[in-house]
Structures are given as structure tokens and as C-alpha cells.
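Taking it in order: structure first as C-alpha cells, then the write-up.
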Amino acid sequence: MKILNKKLIIAIDGPSGAGKSTLSKALAHQFGYLNIDTGAMYRSISLLAQQRRIDPHDSDALKILCADLSIEFVLRGASEDVLVNGVDVSDAIRTPEISLLVPQIAACPVVREAMLQLQRKMGDAGGVVLEGRDIGTVVFPQADIKFFLSATAAERGRRRYAELQEKGIDVDLQQTIAEVKARDAADTARTLAPLMQADDAIIIDSTQLSIENVLQKMVTIVKAKQAELAG
Ligand code: DC
């Protein structure tokens with residue numbers, strides 16, 4: 001059957017620093033799709049938990065927190081703001097304290113279950129790019145296209161270091177690379193929905209590629225999929 005202009009579900013998984021955020025935003029923009037940054041969703045719950053002094057191991061309190069949560073992504077020019085219960089938390093969820101807290105919150109089963117439901121609700125109708133760690137394996141195993149973006153830890157550390165330097169934040173390069181490796185280990189070792197490559201994912205190693213190069217590859221693959229579905 002021919003499906004003209006089917007609104008696709010596109011999953012982009014991979015470790016931190018592989019360029020997922022930039023690329024998923026750019027890809028969504030290219031096709032007029034909604035971009036769902038699932039890491040920002042885990043960061044948002046972590047922020048609320050921190051503000052309300054909830055222990056990351058207190059499942060009951062986290063469950064209540066999730067039940068009463070609204071998360072929206074709002075496009076403002078080139079940037080995408082994150083609103084939690086109507087409040088703009090775009091900057092507040094990116095502090096080092098939240099980056100440290102989020103792996104513990106993201107490992108909590110009640111939080112993952114709540115996010116799973118929310119992400120499926122947001123993405124079910126298609127026309128979405130979802131960026132995360134478990135999109136192609138757990139959230140949307142039936143996604144139309146699954147990308148797995150990777151790059152060596154040293155390269156991802158160097159990118160993070162350059163980003164921080166640009167913001168005027170002075171850090172040590174080796175320390176930054178070590179932090180990237182530690183985060184990989186935490187995301188991969190977790191028993192529930194770990195960072196994992198789906199068997200049918202298209203792997204793109206961006207170590208030697210520019211963002212533009214990777215975007216071009218992705219756009220070509222999405223267009224080929226659309227053409228295939230249109231018969
Ligand atoms: O992509 P990010 O760095 O903003 O992700 C923040 C944290 O959330 C990171 O520790 C991994 C976790 N995460 C997750 O467990 N599952 C996802 N689908 C997305 C992010």
C-alpha cells in the first residue's frame with residue numbers, strides 16, 4: 001500500500017556528547033517534526049525532586065511527582081524551551097548538580113514507567129524525532145527509523161570541553177573525558193532500559209564527521225524511507 005507523506009517516528013539513541021541534541025533538533029526542523037528530548041524529561045523530574053528535597057530512592061514520592069507532571073517542548077526561534085508545569089526550566093535542568101542527580105532518578109522504575117507512557121503519548125501519532133538512550137529498544141521498538149549515534153569517548157570529551165571553554169567555564173580536558181566515560185558506564189550498566197543499540201539501528205560514528213555531514217546522511221535516509229513508503 002502506498003503511504004504518501006506518512007508522519008514517521010524517528011528514534012535517535014546514543015551516548016552523551018555524540019551530537020544527538022543538535023542533530024535531532026536539526027532533523028526535526030528539516031521535516032517540520034516535533035523534537036522530543038527525553039533526556040530533558042529525566043532532567044526535569046530530577047530538578048523537581050531536588051527542589052522538593054525528594055530522595056532519589058523514595059519511589060513513592062517520585063511516583064506522586066510524576067503523576068502530577070506536565071512537560072512541554074516549545075520552539076522559540078532556533079532554541080527549544082522546556083516547560084515543566086508551565087515554568088521554563090531550560091537552563092535550570094542543565095546545571096552540573098542536575099547532571100549528577102539525573103542518573104539516579106532515571107534508574108528509578110516508577111520514573112521510567114511514567115516517562116515511557118508520556119513519551120509514547122507524545123510520539124504515537126508520528127511526525128516526531130525522539131532523542132534518548134532507549135527509544136529504539138524500549139519506547140518505540142517499532143520506530144520507522146532508528147539511528148544510533150556514536151563517537152569515541154575522547155572525542156565526546158573534547159567536544160564537551162570546547163563547549164564549556166566557549167561558555168567561559170574553565171575545566172580540565174582529561175577530567176572532562178573521564179566524566180564522559182563515567183556517565184557512559186552509569187547509563188550502560190543500569191539494569192532498566194540501559195543505553196543500548198537496537199539490532200535494526202543505523203549506526204553513525206561521528207568521530208570524524210561534522211554535524212553537517214551527519215545531518216546530510218540522516219536526511220538522505222529519512223527521504224529514502226519516505227520514498228519507500230510512498231511506493
Ligand atoms: O541526554 P542527556 O544528557 O540530557 O540525558 C540526561 C540523563 O538522562 C543521562 O544520565 C541519561 C538519562 N536518560 C535516560 O536514562 N534515558 C533516556 N531516554 C534519556 C536520557
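Given the structure is predicted, the values throughout are model-derived calculations rather than measurements. All ligand and atom numbering here is 1-based and tracks the order in the structure.
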Checklist entry - Of all the atoms in ligand 1, which lie at a distance below 4.0 Å from a heavy atom belonging to Arg112? => result 14 (C), 15 (O), 16 (N), 17 (C), 18 (N)
Next on the checklist: For Arg94, is there any backbone N or O sitting under 3.5 Å from a side-chain donor or acceptor partner on Arg43?
Outcome noted: no
Checklist entry - Taking atom 1 (O) of ligand 1 as the point of reference, which of Glu131, Lys20, Arg133 owns the nearest heavy atom? => result Arg133
Checklist entry - Which heavy atom of the protein is the closest neighbour of atom 18 (N) of ligand 1, given with residue, atom name and distance? => result Asp134 OD1, 2.9 Å
Item to check | Check: Leu75 main-chain N/O paired with Ser79 side-chain donor or acceptor under 3.5 Å | outcome: no
Item to check | Nearest neighbour in protein (non-hydrogen) for atom 19 (C) of ligand 1 | outcome: Thr38 OG1, 3.4 Å
Checklist outcome for this item: of all protein heavy atoms, closest to atom 10 (O) of ligand 1 is Asp187 OD1, 3.4 Å
Next on the checklist: Between Glu179 and Gln175, is the side chain to side chain donor-acceptor pair (under 3.5 Å) condition met? List the steps.
Outcome noted: CA-CA 6 Å; Glu179 280 167 14; Gln175 164 94 23; 3.0 Å; yes
Checklist entry - When only distance counts, is Tyr42 in polar contact with ligand 1, meaning an N/O pair under 3.5 Å? => result no
Item to check | Residue Arg183 vicinity, atoms of ligand 1 by number, heavy atom under 4.0 Å | outcome: 3 (O), 9 (C), 10 (O)
Checklist outcome for this item: The protein heavy atom nearest to atom 20 (C) of ligand 1 is Gly39 CA, 3.6 Å
Checklist entry - Charged N to carboxylate O under 4.0 angstrom, Glu155 versus Arg159? => result yes
Next on the checklist: Show the atoms of ligand 1 that are less than 4.0 angstrom away from any heavy atom in Ala106.
Outcome noted: 15 (O)
Checklist entry - Hey, looking at atom 8 (O) of ligand 1, which of Val102, Val139, Leu101 has the closest heavy atom? => result Val102
Checklist entry - Of all the non-hydrogen atoms in the protein, which one sits nearest to atom 6 (C) of ligand 1, and at what distance? => result Arg43 NE, 3.7 Å
Checklist entry - When you check the gap from the basic side-chain N to the acidic O, do Asp68 and Arg52 get nearer than 4.0 Å? => result no
Next on the checklist: Test question: given the 4.5 Å side-chain rule for I, L, V, M, F, W and Y, name all other residues clustered with Phe148, or answer none.
Outcome noted: Leu195, Ile203
Checklist entry - Who else is in the cluster with Leu164 when I, L, V, M, F, W and Y are joined by side-chain contacts under 4.5 Å? => result Tyr161, Ile169, Val171, Leu173, Ile177
Next on the checklist: Using every non-hydrogen atom in the two residues, find where Leu118 and Met41 come nearest and quote the distance to one decimal.
Outcome noted: CD2-CE, 3.7 Å
